[in-house]
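Protein chains get the first letters and strands the later ones, always in sequence-line order, with residue 1 at the start of each. A quick note: this is a predicted structure, and the numbers were derived from the prediction, not measured. When reading the values below, keep in mind they use all heavy atoms of this one structure, side chains included, and skip hydrogens, waters and symmetry mates.
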There are 2 protein chains.
Amino acid sequence: MSHLGYPRLMPFDRDHVLRTAAALLTRKSTATMDEVAKAAGISRATLHRHFAGRDALVRALEALGIAECEGALERARLDEGPATEGVRRLVREIEPAAGLLAFLYSENQLFEGDGQNAGWERIDARVTALFRRGQDAGEFRIDLSPAWLTEALYGLLAAGAWSVLDGKVARNDFTFMIAELLLGGALRREES
Amino acid sequence: MSHLGYPRLMPFDRDHVLRTAAALLTRKSTATMDEVAKAAGISRATLHRHFAGRDALVRALEALGIAECEGALERARLDEGPATEGVRRLVREIEPAAGLLAFLYSENQLFEGDGQNAGWERIDARVTALFRRGQDAGEFRIDLSPAWLTEALYGLLAAGAWSVLDGKVARNDFTFMIAELLLGGALRREES
DNA sequence: CCGCTGTGAGACATTCATGTCTCATCTGGG
DNA sequence: CCCAGATGAGACATGAATGTCTCACAGCGG
(Lines give C-alpha, C1' and ligand atoms only; values in the text may rest on other atoms or scores of the structure.)
Protein backbone atom coordinates (compact mmCIF):
# COMPACT_ATOMS: atom_id res chain seq x y z
CA MET A 1 0.00 0.00 0.00
CA SER A 2 2.93 2.31 0.61
CA HIS A 3 3.91 3.12 -2.97
CA LEU A 4 2.21 2.04 -6.14
CA GLY A 5 5.33 2.30 -8.20
CA TYR A 6 4.38 5.59 -9.82
CA PRO A 7 5.46 8.55 -7.73
CA ARG A 8 4.41 10.64 -10.68
CA LEU A 9 3.41 14.26 -10.74
CA MET A 10 -0.17 14.68 -9.73
CA PRO A 11 -2.27 17.61 -10.96
CA PHE A 12 -3.66 19.72 -8.17
CA ASP A 13 -7.15 18.66 -7.10
CA ARG A 14 -8.54 21.39 -4.87
CA ASP A 15 -11.59 19.46 -3.79
CA HIS A 16 -9.59 16.38 -2.90
CA VAL A 17 -7.13 18.44 -0.89
CA LEU A 18 -9.89 20.17 1.04
CA ARG A 19 -11.68 16.95 1.87
CA THR A 20 -8.49 15.24 2.94
CA ALA A 21 -7.61 18.22 5.10
CA ALA A 22 -11.07 18.17 6.63
CA ALA A 23 -10.77 14.48 7.46
CA LEU A 24 -7.34 14.98 9.03
CA LEU A 25 -8.18 18.14 10.97
CA THR A 26 -11.33 16.49 12.29
CA ARG A 27 -9.14 13.91 13.98
CA LYS A 28 -6.21 16.18 14.80
CA SER A 29 -7.18 19.83 14.87
CA THR A 30 -3.57 20.91 15.41
CA ALA A 31 -2.18 19.19 12.34
CA THR A 32 0.51 21.24 10.62
CA MET A 33 0.51 22.38 7.01
CA ASP A 34 3.11 19.71 6.35
CA GLU A 35 0.88 16.98 7.72
CA VAL A 36 -2.04 18.29 5.71
CA ALA A 37 0.07 18.29 2.56
CA LYS A 38 1.36 14.77 3.15
CA ALA A 39 -2.16 13.53 3.88
CA ALA A 40 -3.34 15.01 0.59
CA GLY A 41 -0.40 13.49 -1.25
CA ILE A 42 1.05 16.83 -2.35
CA SER A 43 4.07 18.84 -1.31
CA ARG A 44 3.94 21.60 1.22
CA ALA A 45 5.03 24.02 -1.50
CA THR A 46 2.06 23.20 -3.67
CA LEU A 47 -0.29 23.40 -0.73
CA HIS A 48 1.04 26.84 0.01
CA ARG A 49 0.73 27.87 -3.63
CA HIS A 50 -3.02 27.38 -3.49
CA PHE A 51 -3.73 28.44 0.09
CA ALA A 52 -1.81 31.48 1.25
CA GLY A 53 -1.52 30.04 4.75
CA ARG A 54 -3.20 28.11 7.45
CA ASP A 55 -5.83 30.78 7.91
CA ALA A 56 -6.70 30.67 4.25
CA LEU A 57 -6.98 26.89 4.41
CA VAL A 58 -9.29 26.99 7.40
CA ARG A 59 -11.35 29.66 5.70
CA ALA A 60 -11.62 27.52 2.60
CA LEU A 61 -12.74 24.64 4.80
CA GLU A 62 -15.28 26.92 6.39
CA ALA A 63 -16.58 27.88 2.96
CA LEU A 64 -16.78 24.19 2.08
CA GLY A 65 -18.66 23.47 5.27
CA ILE A 66 -21.09 26.28 4.58
CA ALA A 67 -21.62 25.02 1.05
CA GLU A 68 -22.22 21.47 2.29
CA CYS A 69 -24.68 22.74 4.87
CA GLU A 70 -26.59 24.80 2.37
CA GLY A 71 -26.67 21.88 -0.02
CA ALA A 72 -28.06 19.71 2.76
CA LEU A 73 -30.62 22.38 3.60
CA GLU A 74 -31.76 22.45 -0.01
CA ARG A 75 -32.00 18.70 -0.34
CA ALA A 76 -33.86 18.42 2.96
CA ARG A 77 -36.66 20.68 1.65
CA LEU A 78 -37.31 22.10 5.10
CA ASP A 79 -40.44 23.90 3.97
CA GLU A 80 -42.26 20.77 2.90
CA GLY A 81 -44.35 18.53 5.08
CA PRO A 82 -44.13 18.24 8.87
CA ALA A 83 -41.21 19.96 10.57
CA THR A 84 -40.43 16.66 12.27
CA GLU A 85 -39.72 15.02 8.95
CA GLY A 86 -37.76 18.08 7.89
CA VAL A 87 -35.46 17.58 10.88
CA ARG A 88 -35.00 13.91 10.01
CA ARG A 89 -34.20 14.72 6.38
CA LEU A 90 -31.79 17.45 7.46
CA VAL A 91 -29.85 15.15 9.77
CA ARG A 92 -29.70 12.52 7.07
CA GLU A 93 -28.49 14.93 4.40
CA ILE A 94 -25.94 16.61 6.64
CA GLU A 95 -24.42 13.37 7.88
CA PRO A 96 -21.61 13.15 5.30
CA ALA A 97 -20.41 16.59 6.35
CA ALA A 98 -20.71 15.99 10.09
CA GLY A 99 -16.99 15.43 10.59
CA LEU A 100 -16.09 18.67 8.88
CA LEU A 101 -18.78 20.50 10.83
CA ALA A 102 -17.52 19.06 14.09
CA PHE A 103 -14.07 20.46 13.33
CA LEU A 104 -15.46 23.87 12.40
CA TYR A 105 -17.75 23.74 15.43
CA SER A 106 -14.78 23.63 17.79
CA GLU A 107 -12.60 25.87 15.63
CA ASN A 108 -15.15 28.64 15.26
CA GLN A 109 -14.73 29.54 18.89
CA LEU A 110 -11.84 31.63 17.56
CA PHE A 111 -13.98 33.68 15.25
CA GLU A 112 -15.67 35.49 18.11
CA GLY A 113 -15.22 39.20 18.06
CA ASP A 114 -14.59 39.82 14.37
CA GLY A 115 -18.13 39.06 13.33
CA GLN A 116 -18.62 35.53 12.16
CA ASN A 117 -19.10 34.56 8.58
CA ALA A 118 -22.44 35.62 7.19
CA GLY A 119 -22.92 32.14 5.78
CA TRP A 120 -23.40 30.64 9.20
CA GLU A 121 -25.95 33.27 10.07
CA ARG A 122 -28.02 32.34 7.03
CA ILE A 123 -27.83 28.66 7.93
CA ASP A 124 -28.71 29.42 11.53
CA ALA A 125 -31.71 31.40 10.35
CA ARG A 126 -33.00 28.58 8.18
CA VAL A 127 -32.61 25.94 10.87
CA THR A 128 -34.10 28.19 13.51
CA ALA A 129 -37.03 28.91 11.19
CA LEU A 130 -37.61 25.18 10.84
CA PHE A 131 -37.91 24.75 14.59
CA ARG A 132 -40.12 27.80 14.85
CA ARG A 133 -42.37 26.44 12.16
CA GLY A 134 -42.61 23.20 14.08
CA GLN A 135 -43.60 25.10 17.19
CA ASP A 136 -46.23 27.11 15.36
CA ALA A 137 -47.64 23.93 13.89
CA GLY A 138 -47.93 22.39 17.33
CA GLU A 139 -45.36 19.68 16.59
CA PHE A 140 -42.61 20.98 18.88
CA ARG A 141 -42.85 22.11 22.46
CA ILE A 142 -42.66 25.83 22.99
CA ASP A 143 -40.69 25.86 26.25
CA LEU A 144 -37.42 25.22 24.38
CA SER A 145 -36.41 28.17 22.24
CA PRO A 146 -35.68 27.63 18.53
CA ALA A 147 -32.23 29.12 19.11
CA TRP A 148 -31.46 26.46 21.71
CA LEU A 149 -32.84 23.67 19.55
CA THR A 150 -30.55 24.86 16.76
CA GLU A 151 -27.51 24.91 19.01
CA ALA A 152 -28.47 21.54 20.44
CA LEU A 153 -28.65 20.11 16.92
CA TYR A 154 -25.13 21.33 16.24
CA GLY A 155 -23.89 19.91 19.51
CA LEU A 156 -25.48 16.54 18.86
CA LEU A 157 -24.05 16.45 15.33
CA ALA A 158 -20.57 17.10 16.71
CA ALA A 159 -21.02 14.59 19.52
CA GLY A 160 -22.23 12.02 17.02
CA ALA A 161 -19.35 12.63 14.64
CA TRP A 162 -16.76 12.30 17.40
CA SER A 163 -18.46 9.25 18.85
CA VAL A 164 -18.28 7.57 15.47
CA LEU A 165 -14.61 8.53 15.12
CA ASP A 166 -13.88 7.10 18.56
CA GLY A 167 -15.75 3.93 17.66
CA LYS A 168 -18.18 4.45 20.51
CA VAL A 169 -21.18 4.18 18.24
CA ALA A 170 -21.76 2.65 14.83
CA ARG A 171 -21.70 4.91 11.82
CA ASN A 172 -24.94 3.40 10.56
CA ASP A 173 -26.74 4.58 13.68
CA PHE A 174 -25.63 8.18 13.27
CA THR A 175 -28.76 9.63 11.68
CA PHE A 176 -31.18 7.62 13.79
CA MET A 177 -29.51 8.45 17.09
CA ILE A 178 -29.29 12.15 16.55
CA ALA A 179 -32.75 12.65 15.08
CA GLU A 180 -34.42 10.41 17.63
CA LEU A 181 -32.73 11.99 20.63
CA LEU A 182 -33.29 15.52 19.41
CA LEU A 183 -36.93 14.90 18.57
CA GLY A 184 -38.06 12.37 21.13
CA GLY A 185 -35.54 12.54 23.94
CA ALA A 186 -34.46 9.70 26.17
CA LEU A 187 -37.76 9.14 27.91
CA ARG A 188 -39.79 6.14 26.97
CA ARG A 189 -43.12 6.96 25.43
CA GLU A 190 -46.35 5.44 26.52
CA GLU A 191 -47.18 3.57 23.35
CA SER A 192 -50.79 3.94 22.18
CA MET B 1 -11.12 49.08 37.61
CA SER B 2 -7.70 48.93 35.95
CA HIS B 3 -5.52 49.21 39.07
CA LEU B 4 -6.62 49.32 42.65
CA GLY B 5 -3.57 51.17 43.78
CA TYR B 6 -1.86 48.14 45.29
CA PRO B 7 0.17 46.24 42.71
CA ARG B 8 1.53 44.28 45.61
CA LEU B 9 2.95 40.81 45.63
CA MET B 10 0.21 38.25 45.63
CA PRO B 11 0.69 34.80 47.17
CA PHE B 12 0.16 32.00 44.69
CA ASP B 13 -3.42 30.68 44.68
CA ARG B 14 -3.43 27.46 42.70
CA ASP B 15 -7.18 27.09 42.63
CA HIS B 16 -7.72 30.66 41.50
CA VAL B 17 -5.15 30.25 38.73
CA LEU B 18 -6.74 27.04 37.49
CA ARG B 19 -10.23 28.48 37.43
CA THR B 20 -9.11 31.63 35.67
CA ALA B 21 -7.22 29.55 33.13
CA ALA B 22 -10.28 27.38 32.60
CA ALA B 23 -12.46 30.43 32.00
CA LEU B 24 -9.97 31.88 29.53
CA LEU B 25 -9.25 28.67 27.67
CA THR B 26 -12.96 28.00 27.37
CA ARG B 27 -13.28 31.19 25.36
CA LYS B 28 -9.91 31.01 23.59
CA SER B 29 -8.52 27.51 23.50
CA THR B 30 -5.25 28.68 21.93
CA ALA B 31 -4.43 31.21 24.63
CA THR B 32 -0.70 31.32 25.39
CA MET B 33 0.92 30.79 28.76
CA ASP B 34 1.50 34.53 28.90
CA GLU B 35 -2.18 35.26 28.41
CA VAL B 36 -3.12 32.69 31.03
CA ALA B 37 -0.70 34.26 33.48
CA LYS B 38 -1.95 37.78 32.84
CA ALA B 39 -5.56 36.64 33.18
CA ALA B 40 -4.72 35.09 36.53
CA GLY B 41 -2.89 38.22 37.62
CA ILE B 42 0.47 36.51 38.02
CA SER B 43 3.70 36.58 36.05
CA ARG B 44 4.56 34.01 33.44
CA ALA B 45 7.55 33.01 35.57
CA THR B 46 5.36 32.13 38.52
CA LEU B 47 2.91 30.29 36.32
CA HIS B 48 5.78 28.23 34.99
CA ARG B 49 7.13 27.60 38.48
CA HIS B 50 3.94 25.76 39.41
CA PHE B 51 3.09 24.15 36.08
CA ALA B 52 6.06 22.75 34.22
CA GLY B 53 4.51 23.70 30.87
CA ARG B 54 1.36 23.97 28.92
CA ASP B 55 0.84 20.23 28.99
CA ALA B 56 1.09 20.21 32.75
CA LEU B 57 -1.42 23.05 32.95
CA VAL B 58 -3.89 21.29 30.71
CA ARG B 59 -3.41 18.12 32.68
CA ALA B 60 -4.07 19.98 35.91
CA LEU B 61 -7.21 21.40 34.33
CA GLU B 62 -8.19 17.92 33.31
CA ALA B 63 -7.69 16.72 36.87
CA LEU B 64 -9.80 19.63 38.09
CA GLY B 65 -12.51 18.79 35.58
CA ILE B 66 -12.48 15.17 36.66
CA ALA B 67 -12.69 16.18 40.30
CA GLU B 68 -15.58 18.56 39.59
CA CYS B 69 -17.37 15.84 37.66
CA GLU B 70 -16.94 13.30 40.39
CA GLY B 71 -18.11 15.81 42.97
CA ALA B 72 -21.18 16.46 40.86
CA LEU B 73 -21.76 12.73 40.51
CA GLU B 74 -21.63 12.33 44.28
CA ARG B 75 -23.97 15.23 44.99
CA ALA B 76 -26.41 14.04 42.35
CA ARG B 77 -26.84 10.69 44.14
CA LEU B 78 -27.41 8.86 40.88
CA ASP B 79 -28.42 5.66 42.64
CA GLU B 80 -31.37 7.19 44.45
CA GLY B 81 -34.89 7.57 43.10
CA PRO B 82 -35.90 7.59 39.43
CA ALA B 83 -33.10 7.77 36.87
CA THR B 84 -34.91 10.72 35.32
CA GLU B 85 -34.46 12.76 38.48
CA GLY B 86 -30.88 11.56 38.68
CA VAL B 87 -30.22 13.06 35.26
CA ARG B 88 -31.81 16.34 36.28
CA ARG B 89 -29.76 16.49 39.47
CA LEU B 90 -26.59 15.63 37.56
CA VAL B 91 -27.09 18.42 35.02
CA ARG B 92 -27.83 20.87 37.82
CA GLU B 93 -24.77 19.89 39.82
CA ILE B 94 -22.45 19.85 36.85
CA GLU B 95 -23.54 23.22 35.51
CA PRO B 96 -20.85 25.30 37.28
CA ALA B 97 -18.16 23.16 35.63
CA ALA B 98 -19.77 23.11 32.18
CA GLY B 99 -17.42 25.71 30.74
CA LEU B 100 -14.36 23.80 31.86
CA LEU B 101 -15.83 20.57 30.56
CA ALA B 102 -16.59 22.18 27.20
CA PHE B 103 -12.95 23.15 26.89
CA LEU B 104 -11.74 19.70 27.86
CA TYR B 105 -14.35 18.15 25.58
CA SER B 106 -12.81 19.81 22.53
CA GLU B 107 -9.24 19.48 23.80
CA ASN B 108 -9.46 15.79 24.55
CA GLN B 109 -9.57 15.06 20.85
CA LEU B 110 -5.80 15.26 21.16
CA PHE B 111 -5.54 12.54 23.74
CA GLU B 112 -6.46 9.85 21.29
CA GLY B 113 -3.85 7.18 20.90
CA ASP B 114 -2.12 7.35 24.25
CA GLY B 115 -5.00 5.96 26.23
CA GLN B 116 -7.17 8.57 27.86
CA ASN B 117 -7.14 9.35 31.50
CA ALA B 118 -8.67 6.64 33.63
CA GLY B 119 -10.71 9.26 35.47
CA TRP B 120 -12.90 9.88 32.45
CA GLU B 121 -13.50 6.19 32.08
CA ARG B 122 -14.81 5.99 35.61
CA ILE B 123 -17.08 8.97 35.03
CA ASP B 124 -18.26 7.51 31.74
CA ALA B 125 -19.05 4.26 33.50
CA ARG B 126 -21.14 5.94 36.20
CA VAL B 127 -23.13 8.05 33.74
CA THR B 128 -23.63 5.13 31.41
CA ALA B 129 -24.80 3.03 34.36
CA LEU B 130 -27.36 5.69 35.18
CA PHE B 131 -28.85 5.53 31.70
CA ARG B 132 -28.79 1.76 31.76
CA ARG B 133 -30.58 1.75 35.09
CA GLY B 134 -33.20 4.03 33.59
CA GLN B 135 -33.65 1.65 30.70
CA ASP B 136 -33.96 -1.35 33.00
CA ALA B 137 -36.53 0.49 35.06
CA GLY B 138 -38.58 1.27 31.97
CA GLU B 139 -38.03 5.01 32.24
CA PHE B 140 -35.80 5.37 29.19
CA ARG B 141 -36.27 4.02 25.70
CA ILE B 142 -34.06 1.12 24.80
CA ASP B 143 -33.41 1.94 21.15
CA LEU B 144 -30.82 4.57 22.13
CA SER B 145 -27.71 3.00 23.66
CA PRO B 146 -26.50 4.18 27.06
CA ALA B 147 -23.15 4.99 25.45
CA TRP B 148 -24.80 7.35 22.99
CA LEU B 149 -26.95 8.95 25.68
CA THR B 150 -23.76 9.59 27.63
CA GLU B 151 -22.03 11.16 24.66
CA ALA B 152 -25.14 13.17 23.85
CA LEU B 153 -25.17 14.52 27.39
CA TYR B 154 -21.58 15.69 27.00
CA GLY B 155 -22.36 17.26 23.64
CA LEU B 156 -25.38 19.08 25.01
CA LEU B 157 -23.42 20.31 28.01
CA ALA B 158 -20.76 21.74 25.69
CA ALA B 159 -23.35 23.22 23.34
CA GLY B 160 -25.13 24.78 26.29
CA ALA B 161 -21.94 26.21 27.76
CA TRP B 162 -20.90 27.75 24.43
CA SER B 163 -24.39 29.07 23.79
CA VAL B 164 -24.34 30.81 27.14
CA LEU B 165 -20.90 32.25 26.41
CA ASP B 166 -22.12 33.53 23.04
CA GLY B 167 -25.15 35.05 24.68
CA LYS B 168 -27.46 32.94 22.56
CA VAL B 169 -29.30 31.57 25.56
CA ALA B 170 -29.72 32.77 29.14
CA ARG B 171 -27.54 31.25 31.80
CA ASN B 172 -30.54 30.65 34.01
CA ASP B 173 -32.06 28.37 31.39
CA PHE B 174 -28.97 26.17 31.15
CA THR B 175 -30.05 23.31 33.39
CA PHE B 176 -33.65 23.30 32.22
CA MET B 177 -32.78 23.33 28.52
CA ILE B 178 -30.28 20.54 28.65
CA ALA B 179 -32.21 18.22 30.93
CA GLU B 180 -35.50 18.79 29.13
CA LEU B 181 -34.07 18.27 25.67
CA LEU B 182 -32.09 15.22 26.67
CA LEU B 183 -35.00 13.62 28.50
CA GLY B 184 -38.03 14.77 26.58
CA GLY B 185 -36.79 15.87 23.18
CA ALA B 186 -38.22 18.57 21.01
CA LEU B 187 -41.54 16.94 20.26
CA ARG B 188 -44.59 18.22 22.00
CA ARG B 189 -46.22 15.73 24.30
CA GLU B 190 -49.88 14.95 24.27
CA GLU B 191 -50.76 16.21 27.68
CA SER B 192 -53.07 14.00 29.69
C1' DC C 1 11.66 18.38 -30.84
C1' DC C 2 11.25 22.37 -27.77
C1' DG C 3 9.34 25.47 -24.53
C1' DC C 4 5.78 26.53 -21.04
C1' DT C 5 3.53 25.47 -16.88
C1' DG C 6 3.12 23.48 -12.57
C1' DT C 7 4.94 20.37 -9.24
C1' DG C 8 8.31 18.14 -5.67
C1' DA C 9 12.12 18.67 -2.86
C1' DG C 10 14.60 21.23 0.00
C1' DA C 11 17.12 25.36 1.80
C1' DC C 12 16.42 29.54 4.25
C1' DA C 13 14.75 33.39 7.17
C1' DT C 14 11.13 34.77 10.27
C1' DT C 15 7.96 34.56 13.76
C1' DC C 16 6.12 32.99 17.99
C1' DA C 17 5.41 30.22 22.03
C1' DT C 18 7.98 27.93 25.11
C1' DG C 19 11.28 26.91 28.68
C1' DT C 20 15.23 28.54 31.50
C1' DC C 21 17.72 31.83 33.77
C1' DT C 22 19.07 36.04 36.51
C1' DC C 23 18.15 39.79 39.46
C1' DA C 24 15.58 43.15 42.12
C1' DT C 25 11.90 43.43 45.22
C1' DC C 26 8.44 42.30 48.55
C1' DT C 27 6.77 39.58 52.53
C1' DG C 28 7.05 37.17 56.71
C1' DG C 29 9.52 34.98 60.45
C1' DG C 30 13.25 34.59 63.70
C1' DC D 1 17.05 44.03 62.19
C1' DC D 2 18.20 40.65 59.02
C1' DC D 3 17.58 36.56 56.44
C1' DA D 4 14.99 33.02 53.81
C1' DG D 5 11.40 32.26 50.55
C1' DA D 6 8.64 33.55 46.78
C1' DT D 7 7.28 36.69 43.29
C1' DG D 8 7.62 40.05 39.13
C1' DA D 9 10.07 41.63 35.35
C1' DG D 10 12.73 40.74 31.76
C1' DA D 11 16.65 38.73 29.03
C1' DC D 12 17.96 34.72 26.55
C1' DA D 13 18.09 30.31 24.03
C1' DT D 14 15.42 26.74 21.87
C1' DG D 15 12.26 24.54 18.89
C1' DA D 16 8.45 24.32 15.85
C1' DA D 17 5.60 26.05 12.35
C1' DT D 18 5.27 29.20 8.95
C1' DG D 19 6.17 31.70 4.75
C1' DT D 20 9.39 32.52 0.84
C1' DC D 21 12.57 31.19 -2.35
C1' DT D 22 15.33 28.42 -5.74
C1' DC D 23 16.12 24.56 -8.65
C1' DA D 24 15.36 20.29 -11.16
C1' DC D 25 12.06 17.70 -13.53
C1' DA D 26 7.67 15.77 -15.35
C1' DG D 27 3.72 16.57 -18.26
C1' DC D 28 1.63 18.81 -22.01
C1' DG D 29 0.93 21.41 -26.13
C1' DG D 30 2.67 23.44 -30.18
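Evaluation of the ring-ring contact (aromatic ring centres under 6.0 Å, His included) test over residues 16-47 of chain B, restricted to residues two or more places apart or in two chains, returns none. Sorted by first then second residue, the ring-ring contact (aromatic ring centres under 6.0 Å, His included) pairs that include residues 63-96 of chain B, not counting sequence neighbours, number zero.
Between the CZ atom of A:Arg49 and the P atom of D:dT18 there is a distance of 17 Å, rounded to whole Å. At whole-Å resolution of the value, CG in B:Leu47 and P in C:dT20 are 13 Å apart.
A:Arg77 places a side-chain N or O within 3.5 Å of a backbone atom of A:Arg75 that can act as its donor or acceptor partner. Of the possible polar contacts, one joining the B:Asn117 side chain to the B:Gly119 backbone as a donor-acceptor pair under 3.5 Å is found.
With salt bridges taken as basic N to acidic carboxylate O contacts below 4.0 Å, one links A:Arg19 and A:Asp15.
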Review item, nucleotides 12-19 of chain C N/O atoms under 3.5 Å of protein N/O:
| residue | atom | partner | partner atom | Å |
| --- | --- | --- | --- | --- |
| C:dT18 | OP1 | B:Arg54 | NH1 | 3.4 |
| C:dT18 | OP2 | B:Met33 | N | 2.8 |
| C:dG19 | OP2 | B:Arg54 | N | 3.4 |
| C:dG19 | O5' | B:His48 | NE2 | 3.4 |
| C:dG19 | N7 | B:Arg44 | NH1 | 3.1 |
| C:dG19 | O6 | B:Arg44 | NH2 | 2.8 |

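Residues forming a ring-ring contact (aromatic ring centres under 6.0 Å, His included) with A:Phe12 (at least two apart in sequence, or on another chain): A:His50.
For C:dG6, neither phosphate oxygen OP1 nor OP2 lies less than 4.0 angstrom from any side-chain nitrogen or oxygen of A:His50. An OP1 or OP2 oxygen of D:dT7 is reached within less than 4.0 angstrom by no side-chain nitrogen or oxygen of B:Thr46.
Proximity of residues 12-22 of chain A to DNA chain D (heavy atom under 4.0 angstrom from any strand atom) is not detected for any residue.
Counting only N and O atoms by type, the side chains of B:Glu95 and B:Thr175 include no donor and acceptor under 3.5 Å apart.
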Under 3.5 Å, side-chain donor or acceptor atoms of residues 140-149 of chain B against the rest of the protein: list the pairs with distances, not counting sequence neighbours.
| residue | atom | partner | partner atom | Å |
| --- | --- | --- | --- | --- |
| B:Arg141 | NE | B:Asp143 | OD1 | 2.8 |
| B:Arg141 | NH1 | A:Gly185 | O | 3.2 |
| B:Arg141 | NH2 | A:Glu180 | OE1 | 2.6 |
| B:Arg141 | NH2 | B:Asp143 | OD2 | 3.1 |
| B:Ser145 | OG | B:Trp148 | N | 3.1 |
| B:Trp148 | NE1 | A:Met177 | O | 3.4 |

